[in-house]
Structures are given as structure tokens and as C-alpha cells.
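Notes follow once the structure below has been shown.
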Amino acid sequence: MSATPAPLLDLPGLPAGPADIRLIVTDMDGTLLDDAKRIPDGLWPMLAELRRRGVLFSPASGRQYATLARQFADVAEGMVFIAENGTYVVRDGVELGSDVLEPSVPAGMARTVRRLVADGADVGAVVCGKRSAYVERTDEAFLAEVRRYYVEHRVVADLTAVDDDVIKVALYDFGSAEHSTAPALAEFAATHQVVVSGEHWVDVMNRTANKGTALRALQRALGITPAQTMVFGDYLNDLEMLDAAEWSFAMANAHPDVVRRARHLAPSNNDNGVLRTISRVLGL
């Protein structure tokens, strides 16, 4: 892979005519969505054309399945949702795969967050189950961030007593997740994945779980090759997913490690980069 991908509009490697793409997978925040968290208006007619051509479009996000399903409610039929950073994959309301944490992990994470808060950290935990997300912290600033990504969430008195299949624990740091919270989770990083999924978010999952693992399983199930797969991402939780596609694009606004990992560079999320790239590669 190129260490310095060329900008999309100047990339000589893109075909003159439509490429044989059967599967398009895109991250949401910082990738498909602009900085105001808006889905581009042009996506809806594009999805209709992709469906007509037999191209499957799949959102792959750290967001909750219920949140993604609501965002795409009018076009969700047949769509595969790679939710919770690949730990929960659903199509037409049917689970295709999941990677559930041992109960001791979310309980341990909850206790760790309590210690961090006692030491002065401004951080909160979201225990992500299949049925709902769960939080202890109740201030409006924190809950406002939770609502962005978890439409199904409940405030509970004790996160160590959650009764659900927990697939991920997400921590929101009002400072820098990469430089503050993530380093404080060394005890979990020894046995689990600790992934910085945004400027303020850190996710803890099983080592076997990531968007790339979920994508490769989907490719096998559908008989679609990496050469027929297009992927877009902007942050560290997208790295493995980029590896699963020959048409891998980092957004111009992406984390430097993502830019180095991707084969190509797309315009930024605020420049409608996903749609512009799809139009260019597929000749829409």
C-alpha cells in the first residue's frame, strides 16, 4: 500500500469506466456524515441506483444498531448494518453475527471508570448491549453525547449489574481519548482491544472483534471479493476494514495512520467525499 495516497481527483489508478464493485462499506462519523452529523442529501437517490445495479451498501460504525436502523429506516430493507465497531451485524432485523464480552469485562470497566473519575478525569462509560446501551452518569453534557450514538439507552444505578449480552464498552472522554483515557486502560489492552474510535471515544471489545473481521465474514457469506469491495474510513477503528478491500479510501480529514493504511485518498467528509468517490469509480 502506498504510504502517501494521491488525492482522488488526481489519481491515475482509477479506471476510466465503471469498476466491478459489488459492496460499498462506509464509516459514518467523520466519513459519510459531515461535521454537523448530517447525511448528504445526495445519498438517497444514489442508494436507489446502487440497489438497481445490485450493489450492496453497508454502514459500518461504532454507533448502535438501533441508531443506524433509525437513520436508514426508509431504505433499510436488505441493508447490512455493521454496528458497534463490528461486534454486532444485522440484516433485516436478523443477527448475522456478534462478539459478546465476558460479563467480568464490562463490570471491570465500570469500576475502572469510577476510579478515573475519582482521580479527576472527565469521562463516562457506556455499556453496549444488544438490547440497549446503559449508563450511570446522568449529567446532561454526557447524556447529550450518548444520545448522538445510542438512541436506545437506559440510565441504571449500577453498571456492574447490567443484564444483557454486552458487545462493547465505550468511554467518552471530554478531553483527548487518545492521550488520556486510552493509556489508562492498559490492564484491558493486555487481553482485549482498546480502540480509539474518535477524538473523544475509546472502545473496548474482544480481540476478535473489529469492522474488518465483520466485513470479511460478510464477503465470504455473499461471495464478494476484496477487489469488488469499496471501503471508506477516517479513524483508527476503520484500519482493519480498510485492509479487507482493494478499493480502500481514507478521507482527506482522516487520522494520519488511516491515510497511511488506505490505498487511496477521498475528499473530506465536509466535501461530500464518499458520494463523489462512488460516482467517480462506478461511473454514476
Side-chain angles (χ1 to χ4, degrees), residues 27-29 33 37 39 58-74 76-77 79-114 116-117 122-174 177 181 185 188 192-195 197-198 200-206 208-211 213-214 237:
D27 173 55
M28 293 289 287
D29 296 276
L33 307 183
K37 307 298 183 182
I39 293 176
S58 178
S61 175
R63 290 176 177 237
Q64 180 186 51
Y65 164 63
T67 303
L68 295 173
R70 178 178 294 186
Q71 288 177 289
F72 291 92
D74 292 339
E77 183 179 356
M79 186 177 287
V80 176
F81 294 98
I82 301 174
E84 305 279 20
N85 279 331
T87 61
Y88 195 40
V89 182
V90 181
R91 187 176 198 178
D92 293 330
V94 177
E95 177 183 321
L96 301 184
S98 62
D99 202 329
V100 178
L101 289 164
E102 290 292 329
S104 61
V105 177
M109 286 290 297
R111 287 189 285 268
T112 295
V113 169
R114 291 170 186 168
L116 291 173
V117 170
D122 194 2
V123 62
V126 184
V127 171
C128 307
K130 291 183 180 180
R131 296 192 302 271
S132 179
Y134 306 87
V135 298
E136 285 180 348
R137 185 167 167 170
T138 60
D139 59 289
E140 179 56 29
F142 175 69
L143 291 177
E145 298 300 331
V146 172
R147 285 192 291 267
R148 288 177 182 265
Y149 307 99
Y150 302 95
V151 297
E152 292 288 343
H153 66 274
R154 304 174 192 171
V155 176
V156 297
D158 183 3
L159 281 179
T160 68
V162 166
D163 181 19
D164 199 345
D165 288 332
V166 176
I167 46 185
K168 186 186 75 177
V169 180
L171 274 58
Y172 185 85
D173 186 331
F174 280 88
T181 300
L185 302 178
F188 296 97
H192 292 75
Q193 283 195 83
V194 176
V195 181
S197 57
H200 301 288
W201 288 99
V202 179
D203 295 331
V204 178
M205 307 171 292
N206 285 328
T208 49
N210 58 63
K211 293 182 184 181
T213 298
N237 59 329

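Being a predicted model, the structure only gives us computed values, none of them experimental.
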query: To the nearest 0.5 Å, how far apart are NE2 in His200 and OG1 in Thr181?
result: 11.0 Å
- request: Report the C-alpha separation of Val202 and Asp173 in whole Å, then their side-chain angles, then the decisive distance to 0.1 Å, and conclude whether the side chain to side chain contact (heavy atoms under 4.5 Å, CB included) test is met.
  value: CA-CA 8 Å; Val202 179; Asp173 186 331; 6.0 Å; no
Under 3.5 Å donor-acceptor pairs involving side-chain atoms of residues 151-159, not counting sequence neighbours:
unit_1	atom_1	unit_2	atom_2	d
His153	ND1	Tyr150	O	2.8
Asp158	OD1	Arg114	NH2	2.8
Asp158	OD1	Thr160	N	2.9
Asp158	OD1	Thr160	OG1	2.6
Asp158	OD2	Thr160	OG1	2.9

Heavy-atom pair with the smallest gap, counting every atom of Lys168 and Asp203: CD-CG, 3.7 Å
- request: Could you check if a side-chain atom of Asn237 sits within less than 4.5 angstrom of a side-chain atom of Asn210, using non-hydrogen atoms only?
  value: no
task: Considering non-hydrogen atoms only, spot the tightest contact between Leu101 and Pro106 and give its length.
output: CB-CD, 4.3 Å
message: Distance check, rounded to the nearest 0.5 Å: Arg63 atom CZ versus Asp27 atom CG?
response: 9.0 Å
- request: Calculate, to the nearest 0.5 Å, the distance between atoms OG1 and CG belonging to Thr87 and Asp165 respectively.
  value: 11.0 Å
query: Which atom pair, heavy atoms only, marks the closest approach of Gly129 to Asp164?
result: CA-OD2, 3.5 Å
- prompt: In this structure, are over 12 heavy atoms from other groups packed under 6.0 Å from Glu140 atom CD?
  reply: yes
- request: May I ask you to decide whether Asp29 forms a salt bridge with Lys37, counting only side-chain N to carboxylate O separations under 4.0 Å?
  value: yes
task: State, yes or no, whether a side-chain contact exists between Tyr88 and Phe81 at a heavy-atom distance under 4.5 Å.
output: no
- prompt: Between Ser98 and Lys130, which heavy-atom pair has the shortest distance, and what is it?
  reply: OG-NZ, 3.1 Å
field: Trp201 vs Val126, side chain to side chain contact (heavy atoms under 4.5 Å, CB included): CA-CA, chis, key distance, verdict
entry: CA-CA 10 Å; Trp201 288 99; Val126 184; 4.1 Å; yes
message: Quick check on Arg70: does its CZ atom have over 12 non-hydrogen neighbours (other residues, nucleotides or ligands) under 6.0 Å away?
response: no
- prompt: Should Val105 and Val166 be marked as a side chain to side chain contact (heavy atoms under 4.5 Å, CB included) after you check the CA-CA gap, both sets of side-chain angles, and the distance that decides it?
  reply: CA-CA 9 Å; Val105 177; Val166 176; over 6 Å; no
message: Could you check whether any side-chain heavy atom of Val113 comes within less than 4.5 Å of a side-chain heavy atom of Glu136, counting everything from C-beta outward?
response: no
message: Using the rule side chain to side chain donor-acceptor pair (under 3.5 Å), only one of Asn85, Thr213, Thr208 pairs with Asp99; which is it?
response: Thr208
message: For a quick test of reading the model, state the closest non-hydrogen atom pair linking Leu143 to Arg137 and the distance between them.
response: CD2-O, 3.6 Å
- prompt: More than 12 foreign heavy atoms under 6.0 Å from CD of Glu95: is that the case here?
  reply: yes
- prompt: Taking the side chain as C-beta and beyond, is there a heavy-atom pair between Met109 and Leu171 under 4.5 Å?
  reply: yes
- request: Go through the steps for Tyr65 and Glu84 under the test side chain to side chain contact (heavy atoms under 4.5 Å, CB included), then give the verdict.
  value: CA-CA 7 Å; Tyr65 164 63; Glu84 305 279 20; 5.9 Å; no
field: Over all atoms of both residues, closest heavy-atom pair of Ala177 and Gly198
entry: CB-O, 4.1 Å
